Amino acid sequence: MNLPRSTIAGVLMAGCFALFTSVPAHAGSGIQDGSRVIVPVGLIEKNIGPEGLPSPTASPSPGAATSAATQPVGSPSPSPSPDASTSNAGGIWERVPNGATAPGTEAPAAATTAQAPEQAAMATPTSSAVPPPPAPLGIGAVTPTLQISNLSLKPLVEQALTPAMAASLTITDHAREQILNNHPDRALHLLNDALSIDPSNAYAYLYLGRAWLEKKNYPQALTFFKRAEVVFASDPHWLGETLAFEGLSYEEWGQNAQAEQAYAQALQASPGNLMARVGYTRLGIFSNAAAGALSPATVDSEVAPPPVEAPAPPPPSSKAPEPAN
Amino acid sequence: MTFRRVSKVALLALIGVLLFTIPPGIYFFMRYYNSLEQEVIARFSGKRWNIPSRIYSAPTVVYPGQNLKALGFFQRLARLNYHRVKPGTIQTRGEYSYDEQTGNLDIFLHAFSYPYRNFNGELVRLSLGPDLTIESIKDLGTHRTLRTTELEPELLGGIFQGNWKQRRIVRLSQVPPAFIDAILSAEDNGFYQHGALDYPRIIKAAWVDLTHGHIVEGASTLTQQLMKNFFLTSRRTFSRKIKEALMAIIAQRLYSKDEILDLYVNDIYLGQRGQEGIYGIWEASQYYFSREPRSLTIAEMATIAGMIAAPNYFNPLRHPKHATWRRNVVLHLMYRHGYIDKDAYEHAIAQPLHARETFTEGNDAPYFVEYIKNELAERYPAAVLTDQGLRIFTTLDVHTQNLARKAVRENLDDLETRYPRLRRKSKKQRLEECLVAIEPQSGRILAMVGGRNFQKSQFNRVTQSQRQPGSSFKIVTYSAAFQETLNGGPNQFLPTSFIGGGPFTWQYGNLQWSPKNYANEYYNSVTLEFALEASLNTSAARIAHAIGLDKVLAMGKKLGFSNLPDYPSIVLGSTPESPMAMARAYAIVANNGMQVTPYGITAVVASDGHIIEGHQFKAKQVLSPQLAYMMQFMFEQVINHGTGEGARQMGFTRPAGGKTGTSNQDNDAWFSGFTPNLLTVVWTGFDQKEPLGLTGAEASLPAWTMFMKGATASMPAVNFTIPSGLVQEKVDPLLGCKAPANYPGAVEGVFPVGMAPTKVCTSKSGSSPVNPVSNSVSAPTTPTPTVDPKTTGWHRAG
């Protein structure tokens with residue numbers, strides 16, 4: 001059956017979202033099938049057993065969730081409670097890009113709470129009081145981060161170094177709301193104001209890209225994403241977010257090779273970036289399908305878990321995530 | 001008998017005359033009546049008014065950290081007709097108070113309809129430090145701390161035919177009944193009872209006029225007044241009165257009272273704001289009380305109703321005593337006619353009216369307004385602009401514009417004082433200067449001064465003139481050179497690379513081109529940094545020659561200079577360009593390689609609030625951020641140590657870059673420079689292309705500096721940010737080693753990663769025999785007017 005790409009993408013996204021948001025509260029149930037954790041299509045499916053990887057059954061402590069949820073963006077997260085450290089990113093075991101530390105192994109479990117997954121995703125992981133579970137060869141753990149650029153920028157505003165930056169970020173935050181409310185023109189207008197106050201406001205460039213993406217002007221969106229990318233070079237979470245949007249822009253534009261590369265770069269910067277992960281997976285499916293590896297008739301079966309032995313799609317470039325070793 | 005015969009004849013004659021005159025009279029009267037009727041119908045059913053378009057400046061965004069003095073904040077409040085009251089007594093929008101003891105500046109902001117949102121006006125508190133810097137902003141209504149707030153845009157001008165009659169249409173149903181009562185009490189209390197004419201009043205007025213021997217009292221009904229305003233002059237003649245009465249009767253016959261009143265409340269003249277006539281109660285409510293009619297108090301409604309009789313005499317802002325007297329008369333009539341009760345009447349007459357200083361717009365930005373009009377004229381028919389009441393929002397900042405005008409005016413006066421040879425008798429031949437200021441990150445045009453005097457010359461030199469940019473065009477050559485480096489081309493030019501500084505001849509086909517340095521100063525070998533700082537022409541020509549003219553042309557195209565001819569002298573700016581084109585190119589460098597087209601129109605909004613067009617923030621990355629930074633760095637050196645050093649001497653201390661430009665025969669003097677958030681280009685010269693005898697540093701830089709000091713004062717000081725992929729190091733350029741601290745002769749350089757020297761200079765290498773030519777380009781300590789092979793100009797001593 002030939003399913004529309006958007007349908008598959010939607011199912012994948014919904015699946016991932018459900019995984020990341022619902023697992024911790026009822027870890028082990030729902031997504032665990034016997035001793036296996038089912039991960040979204042294209043990601044690695046792994047046996048969870050007593051001898052290999054720790055079972056992600058521990059739920060985070062409420063305290064950890066609260067503290068991380070209120071943590072400003074980019075600031076160090078508080079140490080999670082001991083039992084939170086074992087929750088391991090909602091039970092999703094994931095490839096870790098080559099050279100990248102696996103933030104999820106150190107991230108507070110608050111990131112997995114269903115109540116505040118978005119705020120948790122904003123928190124930058126730091127060292128934990130409890131050492132992370134040992135990662136087996138080629139496998140690590142990551143914190144899934146939802147679209148942090150959908151979240152309020154107020155924590156950033158509070159942290160701004162100068163009043164001008166705070167003012168600029170406040171306006172950027174209003175623009176973000178306009179984008180989420182499907183008013184890209186209003187957002188463009190506001191972002192102009194934000195940049196007037198602080199020309200180095202990288203967030204404004206990211207949202208300019210998003211506004212143009214909303215308007216389906218992909219070259220323009222990419223121009224601004226790339227500008228944001230330069231300024232976010234030292235902030236992996238936001239860099240990953242920006243690159244993921246670059247990937248999305250390329251993908252919607254029909255330039256899958258560049259999209260795949262951008263997603264891969266996003267995962268390298270921010271391994272837990274959900275959008276990049278899903279996009280990367282999606283493109284893997286389609287590139288496989290295009291290569292004849294999967295017939296169109298089997299595409300919809302990709303929504304279901306692949307066989308245990310199914311290999312992960314190879315990284316498209318040298319910058320693509322590599323299994324850690 | 002005779003008498004009888006005579007009377008019979010007379011009677012017959014009379015009958016004859018009547019028979020011959022009455023029917024034609026009736027016929028002609030009916031024709032006349034019909035023509036009047038057609039006129040009335042056409043006016044009532046067709047388009048009733050031409051509503052001019054208004055051109056607004058940008059709003060003023062304020063946030064903590066800004067200095068209100070630098071922002072010209074209090075002048076802005078005055079221009080926007082905010083009225084200062086005692087602390088704690090603010091009651092209505094448009095009032096503010098400043099308590100110097102506590103530093104609290106409370107402002108009840110005006111309501112304003114912005115392109116994408118409506119702002120209802122709020123009472124905010126700006127807590128100020130002793131130097132008038134904003135420490136915090138609070139919404140006194142919600143007690144929330146605000147990060148920003150803004151003052152509404154200022155009116156820059158209008159687009160209209162004939163006289164500027166500004167009005168906004170309000171439907172009768174939207175007018176509070178009390179306002180109607182006030183108008184009827186003041187002008188025609190029997191409006192709903194009598195017909196088109198109020199006969200008892202006419203008789204009374206006629207009696208009064210007869211007894212006085214001339215017209216002293218009128219008895220016009222609202223319908224008559226409307227007919228007079230619609231069709232007739234205000235001359236008090238008998239024939240006009242007849243026509244007015246006839247038209248009133250026609251209108252009364254064809255239309256309802258409400259329809260007539262609906263037109264009346266929108267049509268009445270209610271005063272003047274500079275060039276702009278205030279028409280209709282909506283416009284008057286906004287102007288005099290900063291609110292819509294529905295939000296006015298009874299006292300305020302009565303004030304406006306009272307103005308109808310004599311709008312300027314009863315102007316509450318200029319003549320509060322007259323206006324108060326008249327208002328009280330109207331209130332008394334309202335009370336007497338039973339529209340208000342005693343309590344309301346007593347409360348209303350107790351309200352004070354304060355005089356206010358009113359600002360009449362002098363059109364501070366005539367060149368900009370004209371530029372906007374021309375741009376609009378390309379997209380909209382003239383009738384739409386003059387009749388449809390569009391609101392055009394622009395990017396201009398009035399305070400910045402005023403600073404620009406002041407800088408240009410003072411600089412020109414100063415130049416003419418210091419150099420009397422620049423004075424001209426003919427006003428058309430006087431020394432001219434233009435200035436354009438752009439926000440590089442957004443492309444907003446913040447200020448535009450197209451010339452010395454718009455009244456004398458409407459030629460906008462910013463956009464319309466084409467003059468040789470001279471050395472300011474070197475932005476193209478140096479950018480092309482660094483592009484080669486970043487591309488890994490055969491010629492690896494870095495700011496600290498050496499290039500020849502002596503005479504140079506470029507063989508081009510069968511032609512030869514031998515550029516000369518300014519004042520014939522030559523060097524044997526110089527760093528690129530120094531070559532740009534000192535604006536050495538032969539070095540720039542050598543660079544262009546080395547990389548190839550095609551690469552220079554390609555870079556020129558990237559920077560917006562299309563159609564450059566392919567001959568070598570373009571390297572030194574021999575092709576005429578407009579100041580706007582230069583601003584566009586420099587803005588790319590200032591904006592980290594991103595090209596944003598300069599623009600003036602933010603939005604065009606229809607009278608019903610619908611956004612006809614809104615600026616779409618678009619950009620294109622034409623230079624890599626690395627290349628842009630290398631150029632920013634180079635231009636910074638020009639201001640810090642080179643031909644632009646005068647800016648520092650004049651006290652401009654912010655991180656900034658720029659370049660002078662002087663054309664052949666010194667006809668044109670330029671300075672193009674920028675900070676990360678403001679770019680300004682200044683050109684000085686004669687329209688008739690006479691020699692100035694001055695460089696860009698001498699003629700244009702002072703205006704640039706004067707302007708930039710004021711215009712950036714309220715902005716946060718921002719450094720240029722080095723992008724990844726580049727490193728900034730102090731080096732010994734001659735030995736190519738990394739300079740340790742206190743190394744003599746060290747030069748700051750910027751390098752692509754991997755190209756920076758890694759070997760650290762030894763102290764021995766530091767005592768290099770190389771002799772820097774000068775520490776300062778503007779005042780060389782060792783002038784070298786001729787080529788000296790032993791002389792190597794490279795940089796300042798460390």
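Here is how names work: the chains are called A, B, and so on, in the same order as the sequence lines, proteins then strands, and each is numbered from 1. In this text the structure is predicted, and so the values were computed from the model without any measurement.
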- Note on the structure: With chain B, the option among D185(A), L190(A), L191(A) that has the most non-hydrogen atom pairs under 4.5 Å is D185(A)
- Task: Pick whichever of P219(A), A164(A), S168(A), A160(A) has the most heavy-atom pairs under 4.5 Å with chain B.
- Result: A164(A)
- Going by atom types only, do Y63(B) and D198(A) share a side-chain donor-acceptor pair under 3.5 Å? no
- Given L208(A), L188(A), T162(A), the one with more heavy-atom pairs under 4.5 angstrom with chain B than any other is L208(A)
- Query: Are N591(B) and R227(A) close enough, and set up right, to give a side chain to side chain contact (heavy atoms under 4.5 Å, CB included), and what steps lead you there?
  - Reply: CA-CA 11 Å; N591(B) 192 26; R227(A) 174 66 178 270; 3.4 Å; yes
- Sole residue of H189(A), Q178(A), H183(A) in side-chain contact (heavy atoms from CB on, under 4.5 Å) with Y116(B): H189(A)
- Query: How many angstroms lie between atom CZ of R147(B) and atom CD of E158(A), to the nearest 0.5 angstrom?
  - Reply: 4.5 Å
- Item | Rounded distance [0.5 Å steps], NZ in K226(A) versus OG in S624(B) | 13.0 Å
- Between N217(A), V231(A), I197(A), the one whose heavy-atom pairs under 4.5 Å with chain B are most numerous: I197(A)
- Assert top hit (heavy-atom pairs under 4.5 Å, partner chain A, pool V61(B), T602(B), L446(B), N592(B)) equals N592(B)
- Task: Find the one option among Q621(B), M594(B), Q66(B), R117(B) whose heavy-atom pairs under 4.5 Å with chain A are most numerous.
- Result: M594(B)
- Message: If I compare all heavy atoms of F617(B) with all of W212(A), which pair ends up nearest, and what's the gap?
- Response: O-NE1, 2.7 Å
- Message: For Q220(A), run the side-chain contact (heavy atoms from CB on, under 4.5 Å) check against K618(B), K620(B), Q616(B) and tell me which one passes.
- Response: K618(B)
- Note on the structure: Closest heavy-atom pair, S196(A) versus S442(B), reported as atoms and distance to 0.1 Å, is OG-OG, 4.2 Å
- Query: Considering residues, nucleotides and ligands other than K138(B), do more than 12 of their heavy atoms fall under 6.0 Å from its NZ?
  - Reply: no
- Turns out that what part of P64(B) lies under 4.5 Å from chain A's heavy atoms comes down to both
- Item | Contact winner vs chain B - S200(A), A167(A), A233(A), P199(A), heavy-atom pairs under 4.5 Å | P199(A)
- Task: Could you pull out the closest heavy-atom pair between T223(A) and A619(B), with the gap in Å?
- Result: CG2-O, 3.6 Å
